[in-house]
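Positions are given from 1, in the same order as the sequence printed here.
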Amino acid sequence: MKTFTIQIKNMVCSRCIHVVKQILADLEIKYIEVELGYAVIAADQALDLDTVNQKLETLDLGLVRDQNEVLVTEIDKAIHDYLENISLLSQKRKLSEYIAQELGRNYHQLSKIYSQFKGETIEQCFIALRTNKVKELIKQGKLNLSQIAVNVGYSSIHYLSGQFKKYTGISLSQYKKEWEASLTNSGNEKEPFVKKQEKKNCDCGCEDCNCGRKNGSSSIRKTSSRSSSGNSKKEISMTSLLITVANSSKYSIHVSR
């Protein structure tokens with residue numbers, strides 16, 4: 001099957017994947033796969049890239065514009081993957097080592113590009129995501145604070161408490177008490193915890209999504225579709241496809257099979 005891939009910025013969690021799938025479905029666009037940072041689209045259909053981008057930007061997402069945006073998107077995905085597996089990875093590699101290996105680039109160069117593009121360091125982004133994950137685990141109510149510390153890669157609850165207070169201005173135990181008090185005041189039972197509505201960084205509904213950075217224009221880049229046969233992948237010209245892409249002159253489109 002002929003496909004092409006759109007690179008999507010600011011996707012950092014599973015909720016973002018769900019939202020992008022919903023947008024594509026609403027636009028009646030057939031997709032093969034949606035993961036953090038990209039979506040693989042079937043090529044045998046009409047597609048207005050401006051419409052896709054506009055829908056994404058309403059949720060502070062959007063199509064990627066250039067190679068630096070592609071790189072930043074890949075770094076965001078690496079940060080997310082490291083956090084999701086931190087209890088295992090942190091014992092073997094530091095975040096900087098993991099990102100450099102995953103992207104095959106010098107970490108200093110990656111860090112510089114990331115900071116220039118997003119206005120924060122990779123470490124600051126990681127701390128924010130890590131802290132929000134702690135909050136989320138507290139709200140789920142399935143783990144005690146010591147177990148949460150291990151889950152997010154801290155060596156002890158004391159270290160977690162210190163970092164949490166440094167970043168949020170409130171102690172870990174106090175945050176937990178206030179969260180439980182809010183449930184009591186609203187008449188909810190302690191178990192299961194019900195997520196309290198908070199101000200989000202974007203409209204996609206995920207607390208750990210730092211995607212409030214719009215960058216205007218956008219584009220898509222090529223990726224090769226996956227083939228179990230192991231045959232070499234070959235780019236083909238747009239004229240050989242049964243596909244109509246509105247506003248295609250504004251975007252760099254590469255198609256694979």
Is the backbone N or O of [Y] less than 3.5 Å from a side-chain atom of [X], with the two atoms forming a donor-acceptor pair by type?
X: Thr131; Y: Ile127; value: yes
X: Gln124; Y: Thr121; value: yes
X: Asn10; Y: Asp60; value: yes
X: Asn132; Y: Ala128; value: yes

With sequence neighbours left out, the residues meeting salt bridge (Lys or Arg N to Asp or Glu O under 4.0 Å) with Lys55 are none

Within a strict 4.5 Å, meaning less than it, do heavy atoms of the [X] and [Y] side chains meet?
X: Val34; Y: Val40; result: no
X: Val64; Y: Ile8; result: no
X: Ile41; Y: Lys30; result: no
X: Gln7; Y: Leu63; result: no
X: Leu160; Y: Ile148; result: yes
X: Arg15; Y: His18; result: yes
X: Val72; Y: Lys9; result: no
X: Glu102; Y: Tyr98; result: yes

Calculate, to the nearest 0.5 Å, the distance between atoms [atom1] and [atom2] belonging to [X] and [Y] respectively.
X: Leu83; Y: Phe126; atom1: CG; atom2: CZ; value: 5.5 Å
X: Thr3; Y: Ile32; atom1: OG1; atom2: CD1; value: 7.0 Å
X: His158; Y: Leu172; atom1: NE2; atom2: CG; value: 11.5 Å
X: Lys94; Y: Tyr82; atom1: NZ; atom2: OH; value: 9.5 Å
X: Leu95; Y: Ile122; atom1: CG; atom2: CD1; value: 7.0 Å
X: Leu145; Y: Asn151; atom1: CG; atom2: CG; value: 12.0 Å

### Query
Mind checking whether Val152 and Trp179 sit in one hydrophobic cluster, side chains of I, L, V, M, F, W, Y counted as touching below 4.5 Å?
yes

According to a 4.5 Å side-chain heavy-atom criterion applied to Ile, Leu, Val, Met, Phe, Trp and Tyr, with indirect links allowed, do Ile79 and Tyr167 form part of one hydrophobic cluster?
no

The side-chain contact (heavy atoms from CB on, under 4.5 Å) partner of Thr51 among Leu56, Leu27, Ile23 is Leu27

Indicate the atoms forming the closest heavy-atom contact of [X] with [Y], along with that distance.
X: Thr73; Y: Gly37; answer: CG2-CA, 3.5 Å
X: Cys125; Y: Asp76; answer: SG-OD1, 4.1 Å
X: Lys142; Y: Gln147; answer: O-OE1, 4.3 Å
X: Gly153; Y: Ile86; answer: N-CG2, 3.6 Å

Trace of the salt bridge (charged side-chain N to carboxylate O under 4.0 Å, His left out) decision for Lys133 with Glu84: CA-CA 10 Å; Lys133 184 173 183 179; Glu84 289 300 301; 3.8 Å; yes

Intermediate values then yes/no, side chain to side chain donor-acceptor pair (under 3.5 Å), Tyr107 and Glu97: CA-CA 7 Å; Tyr107 181 77; Glu97 295 171 342; over 6 Å; no

Is it true that the side chains of Gln140 and Glu136 contain a donor and an acceptor less than 3.5 Å apart?
-> no

**Prompt:** Any side-chain donor-acceptor pair under 3.5 Å between Gln22 and Asp26?
**Reply:** yes

For Ile157 and Asn144, what are the C-alpha separation, side-chain angles and deciding distance, and is it a side-chain contact (heavy atoms from CB on, under 4.5 Å)? CA-CA 10 Å; Ile157 187 174; Asn144 60 39; over 6 Å; no

- Is it possible for you to check whether Arg130 lies under 6.0 Å from the centre of the six-membered ring of Tyr154, through NZ or CZ, and within 45° of that ring's axis? yes

Let's go through Tyr38 and Glu33 carefully: what are the C-alpha distance in whole Å and the side-chain angles of both, what is the deciding distance for side-chain contact (heavy atoms from CB on, under 4.5 Å) to 0.1 Å, and is it a yes or a no? CA-CA 8 Å; Tyr38 70 91; Glu33 180 184 13; 3.2 Å; yes

Requested in this report: Could you give me the CA-CA distance, side-chain angles and deciding distance for Lys165 and Ile170, then say whether side-chain contact (heavy atoms from CB on, under 4.5 Å) is met?
Outcome: CA-CA 5 Å; Lys165 186 171 184 178; Ile170 185 174; 6.0 Å; no

